[in-house]
Amino acid sequence: MTTREFGDIELRQVRENVWEIPESDEMRAPARVLASEALLEQIGQDKTLEQLQNATHLPGISKYAICMPDGHQGYGFPVGGVGATDCEDGCISPGAVGYDINCGVRMMKTNLTYEDLQGKEEELVDALFRAIPSGLGGGGVVKGDMDTIEGILERGMQWALDEGWATEDDLAHCEDEGFRDDAKPEYVSKKAKDRGRNQIGSLGSGNHFLEVQRVTDIYRDDVAEKFGLEEDQIVVLIHCGSRGLGHQTCTDYLRRIEKEHQDLLESLPDRELAAAPAGSKLAEEYYGAMCAAINFAWVNRQLIMYRTRQVFENVFERDWEDMEMDLLYDVAHNIAKKEVHDVDGEERELYVHRKGATRAFPAGRPELPPAYADVGQPVIIPGSMGAGSYVLRGGENSLDLTFGSTAHGAGRLMSRTKAKQEYWGETVQEELREQEKIYVKAQSGATVAEEAPGVYKDVDEVVRVSDELGIGDKVARTFPVCNIKG
DNA sequence: ATGTAC
């Protein structure tokens, strides 16, 4: 039997790409890492495995805590982690959702080809950069009063539809149709709402970006056809989250857990794993507030997409409908959701925490929109600004192996601090432009350095593992053309 | 990720 050791933690290989930390001592379940040997070697370099093992101490944790091939260290719970806890006798953990609630990504298609963009890259990237608010702090597409923010939190994409920012078709191409009915805006603090209302329709900073890409490879012709993807096609990827509103909501509830559930907190190996017991008032309030923040993030991405359509209309002098700028799908990367899954032959309602992980439901799951019901949902996995991204489809094995989930990106390889020592933003931009014809425009050079292609794991390897495991199957690959970021 | 700090 192959084993690998990292510090105190020993993993045994279950089979190709599947590693297990056996249940012992205080653990309530085993933990699993889904990775090739090369990726496991990288995952083992920081606190990811320790955090994954800690996650198995959460009350009601079902089957096993799971680390995806792009996993790395996070706040309390690994980024690239999936933990499903029982809704009856388990718990819900803000740290296992993430600070950036419903950080996620959407892909918008066009009927333009790479040739149509030749010579216009600079004009396009400049126009996008001007039109789309980005960077730290305030300023959004919409200046929201309190009624606006309440509407967004309560109704998500339905608010955007009512206000003329979205079409019915946009809603039909979002996870949960862009709307969590369980949202309870009254459980989002005034402070969080005040932070959010000046940031409605804004990209933010860090790893968030908007990227114009071209499709370079198709791996499954039949699925690509259903998704409406073909070689040389231009697509747009929008990656951002719930800005200060989600961050404040996470902070608020971590503090309240510390005050109101000391007992549970002290039973956990890491304070950052703080969780509210299922059935408690606080668990209900956090779930309602988190769902409201999820709605906010969907509207955020929608307003950015709206502006992107306008920019394309100006640059190409055609209507967006004529350019068929339709949404492929919008997927969440940082959420918890009540879902029913099979646990030891029994159907259980679970809080599925996906933190830096994407839902990857296969054909047949009732949650899928009609367009994808018989093919599986699109899964969008952004790589770095120099590497390109992937579109997958939910794999047949995901329900058995990962509560219907797969990876969410390339996954960081080094800290932001280390990245800034290794790279200089302007140099990164020049190299991308001269060597790869990728046009990057950013508010801050430091952000470009922090996000340099070299700070990420190999997205091809991450996706290869997902495909081999059958949790998310490769459909298409894209390569960057223009990128704007904070 | 984040008005990068209780």
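Every chain is numbered from 1, with letters handed out A, B, ... down the list of sequences. Any value given below was found using the heavy atoms of this structure, including those in side chains, with hydrogens, waters and symmetry copies removed.
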Inset, instruction - Determine: side-chain N/O of Arg243(A) to OP1/OP2 of dT2(B), distance under 4.0 Å, yes or no. - result: yes
Inset, instruction - Under 4.0 Å between any heavy atoms, over every strand shown, what does Gln199(A) touch: base, sugar-phosphate, or nothing? Just pick one. - result: sugar-phosphate
Legend entry - NZ/NE/NH1/NH2 to OD/OE distance under 4.0 Å, Glu339(A) and Arg354(A): yes
Inset, instruction - Could you tell me whether Lys441(A) sits above the aromatic face of Phe129(A), with NZ or CZ closer than 6.0 angstrom to the six-membered ring centre and within 45 degrees of the axis? - result: yes
Inset, instruction - For Gly241(A), answer base if it contacts any base atom (sugar-phosphate contacts may also be present), sugar-phosphate if it contacts only those atoms, and nothing otherwise; contact means non-hydrogen atoms under 4.0 Å. - result: nothing
Inset, instruction - Provide, to the nearest angstrom, the distance between the CD atom belonging to Gln248(A) and the P atom belonging to dA5(B). - result: 14 Å
Legend entry - Atom pair distance, as rounded to whole Å: CZ in Phe296(A) and P in dT2(B): 11 Å
Inset, instruction - Describe the nucleic acid contact of Ser205(A) in one word from base, sugar-phosphate, nothing, applying a heavy-atom distance below 4.0 Å. - result: sugar-phosphate
Inset, instruction - Tell me what Lys355(A) touches on the nucleic acid: a base, only sugar-phosphate, or nothing, going by heavy atoms under 4.0 Å. - result: nothing
Inset, instruction - In whole angstrom, give the distance that lies between atom CD of Glu450(A) and atom P of dT2(B). - result: 11 Å
Inset, instruction - For Arg416(A) and for Arg255(A), find the nucleotide of DNA chain B with the closest heavy atom, then tell me which residue's nucleotide is more 5'. - result: Arg416(A)
Legend entry - Between dT2(B) (P) and Gln443(A) (CD): distance, integer Å: 13 Å
Inset, instruction - Using whole Å, report how far CG of Asp252(A) lies from P of dC6(B). - result: 13 Å
Legend entry - Set of residues satisfying side-chain contact (heavy atoms from CB on, under 4.5 Å) with respect to Ala387(A), sequence neighbours excluded: Ser384(A), Val459(A)
Legend entry - Protein-nucleotide distance (Glu451(A), atom CD; dT4(B), atom P), rounded to Å: 18 Å
Legend entry - Under 3.5 Å: donor-acceptor pair, side chain of Gln199(A), backbone of Gly244(A): yes
Legend entry - Asn102(A) CG - dT2(B) P separation (whole Å): 13 Å
Inset, instruction - May I have the distance from Tyr253(A) (atom OH) to dT2(B) (atom C1'), rounded to whole angstrom? - result: 19 Å
Inset, instruction - Would you please name every residue forming a side-chain contact (heavy atoms from CB on, under 4.5 Å) with His247(A), sequence neighbours left out? - result: Tyr99(A), Arg195(A), Thr251(A)
